[in-house]
Participant: 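Okay, handing you the structure first.
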Amino acid sequence: MAEIFVIDRDGVEHSVTATDGWSVMEIVREADLPIEAACGGCCACATCHVYVAADWLPKLPEMSRDESNMLDEAFQVQDNSRLSCQIPFKPELDGLTVTLAPEF
Amino acid sequence: MSATEPQAAPTTDAPIRTDMVIVGAGPTGLFAVFEAGLLGLRCHLVDNLDKPGGQCIELYPDKPIYDIPAIPRCTGEELTNNLLEQARPFHPEFHLNQQAESLTRLDDGHWRLVTSAGTVLEAPVIVIAAGAGSFVPRRLPLPGAAPFEGKSLHYAVRKMEHFRGKHLLVAGGGDSALDWLLSLQPIAASTALVHRRDEFRAAPDSVEKMRALVAEGATSLHFGQIAELHGTDGQLEGVTLKQTSGGEERIACDTLLAFFGLKMELGPLASWGLNLERNLITVDTEAFETSQPGIFAIGDIATYPGKLKLILSGFHEAALMCQKAHKYCRPDQKLVFRYTTSSTELHKRLGVAD
């Protein structure tokens, strides 16, 4: 089974089973980890903001204009910031590590 | 997006009496107006946004929706406009830019709802169609921000005059940030804009005007994110910026206007004594009534076994809710079930009678 690693806001790492075709946001949400994802995954808010571990960044799909615009509404945006609803999981991402960004 | 704060001072106007007060003017609330109207019930709606439509209009006005029955494709804005048109024969009244604040039961069993703007509404039926809560400005998530809020740190402009002669720093890259920068620049002592990157999602015309001001030295432009606020007793003296390029910069200012979009929060209705389950209101599936008689919850905010957060679920819930609501509003009237295709009574209400 493929999995991803999610570091929560207390720094605790969770290993979560990852389903092919689900977005990373959906994988995190279905694992009952605290991700707001207010808009439900249509890239219309910034409440599924995560930091992606550096070595995984180049393996992700490129950021769309919509996504970088929405990141303007996030806080503490870093170079490795992504909206997790915009990262569809695929087998090559087995082992992906993301950190949940602060909520606000 | 709402650019003005609702009036905080309560007024002492006479209460408005109606059949149904709907909290939330999103798609579910709007369709409830229609269903209630068919049964001869009048509705008032309360919403914290400056326009009806809820998430459809605030979060995804241009995004296509494909799962509205018999509408293969429409945008959030189109859906809102269609629902408004459908509700029009029933003359819904909107109380916008205000949050439903308190709810109390009156001696006659009716409910009194007071909004943040001081509007007083009384009705036998309250319908909570509040989605994921009301939209409120996202606040600056810095530990030291609270003492400055409302004094020298603002998330909206209530009175432009308040900013005259100020050394103003505006944060954000959207329309609110740029529109207010452009409007306040002529009356402020100085203006600066901070945004995390050299790209702005605001209207191109505003971006051009802002860049012209920067070019002539009338406004300064900084790239980064606010990391710390400086000042005493709620009076801002400056901020430290973590620059996008990596360094730190201190910007002097006495007023900060921060626009980081809106977020949804349950707000005061969380303390209305209703049964809550993970920030959702539990209801029965016969009438979508809450634990309090006469208070209903429909749409995304309502939960019950098997609930799906779909707009179409909200429509169904609205129709069933109105059947029971009618009993509270017209206890002496027997409700006859009729179709809009054939009922002359309904045609009269819809304003389509020959």
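Labels below follow one simple rule: chain letters A, B, ... track the order of the sequence lines, proteins then strands, and each chain is numbered from 1.
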Participant: Does C43(A) offer a backbone N or O that forms a donor-acceptor pair with the side chain of K63(B) under 3.5 Å?
Facilitator: yes

Participant: Please check if atom NZ in K242(B) has more than 12 non-hydrogen atoms from other residues, nucleotides or ligands closer than 6.0 Å.
Facilitator: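 No.
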
Participant: Identify which part of R139(B) has an atom lying under 4.5 Å from any heavy atom of chain A, answering side chain, backbone, both or neither.
Facilitator: backbone

Participant: Applying a heavy-atom distance below 4.5 Å, give me the residues of residues 3-29 of chain A that approach chain B, sorted by number.
Facilitator: none

Participant: Who in residues 86-98 of chain A is close to chain B, using a strict under-4.5 Å heavy-atom cut-off?
Facilitator: none

Participant: Which heavy atom of C39(A) sits nearest a heavy atom of L59(B), and at what distance?
Facilitator: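 Closest heavy-atom pair between C39(A) and L59(B): CB-CD1, 3.9 Å.
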
Participant: Between E73(A) and R201(B), which heavy-atom pair has the shortest distance, and what is it?
Facilitator: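 For E73(A) versus R201(B), the nearest heavy atoms are OE2-NH2, 3.3 Å.
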
Participant: Could you tell me whether D79(A) atom CG has more than 12 heavy atoms of other residues or ligands within 6.0 Å of it?
Facilitator: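 Counting other residues, nucleotides and ligands, CG of D79(A) stays at 12 neighbours or fewer.
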
Participant: Working to the nearest 0.5 Å, report the span between CD of E36(A) and CE of M264(B).
Facilitator: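 It is 6.5 Å, given to the nearest 0.5 Å.
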
Participant: In Å and rounded to the nearest 0.5 Å, what is the CD to SG distance from Q55(B) to C45(A)?
Facilitator: 9.0 Å

Participant: Could you pull out the closest heavy-atom pair between L142(B) and F75(A), with the gap in Å?
Facilitator: CD2-CE2, 4.1 Å

Participant: Tell me, for T47(A) versus chain B, whether the close heavy atoms (under 4.5 Å) come from the side chain, the backbone, both or neither.
Facilitator: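 Contact with chain B is through the side chain of T47(A) alone.
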
Participant: Run the side-chain contact (heavy atoms from CB on, under 4.5 Å) check on R196(B) and L71(A) step by step: do they pass?
Facilitator: CA-CA 10 Å; R196(B) 74 177 178 92; L71(A) 270 173; 3.2 Å; yes

Participant: Do the charged groups of K263(B) and E103(A) touch, with an N to O distance under 4.0 Å?
Facilitator: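 Here K263(B) does not pair with E103(A) in a salt bridge, since their nearest N and O are not under 4.0 Å apart.
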
Participant: So which heavy atom on F260(B) is nearest to which on D72(A), and how close?
Facilitator: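 Smallest interatomic distance, heavy atoms only, reads CD2-O, 4.3 Å.
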
Participant: Charged N to carboxylate O under 4.0 angstrom, D32(A) versus R278(B)?
Facilitator: yes

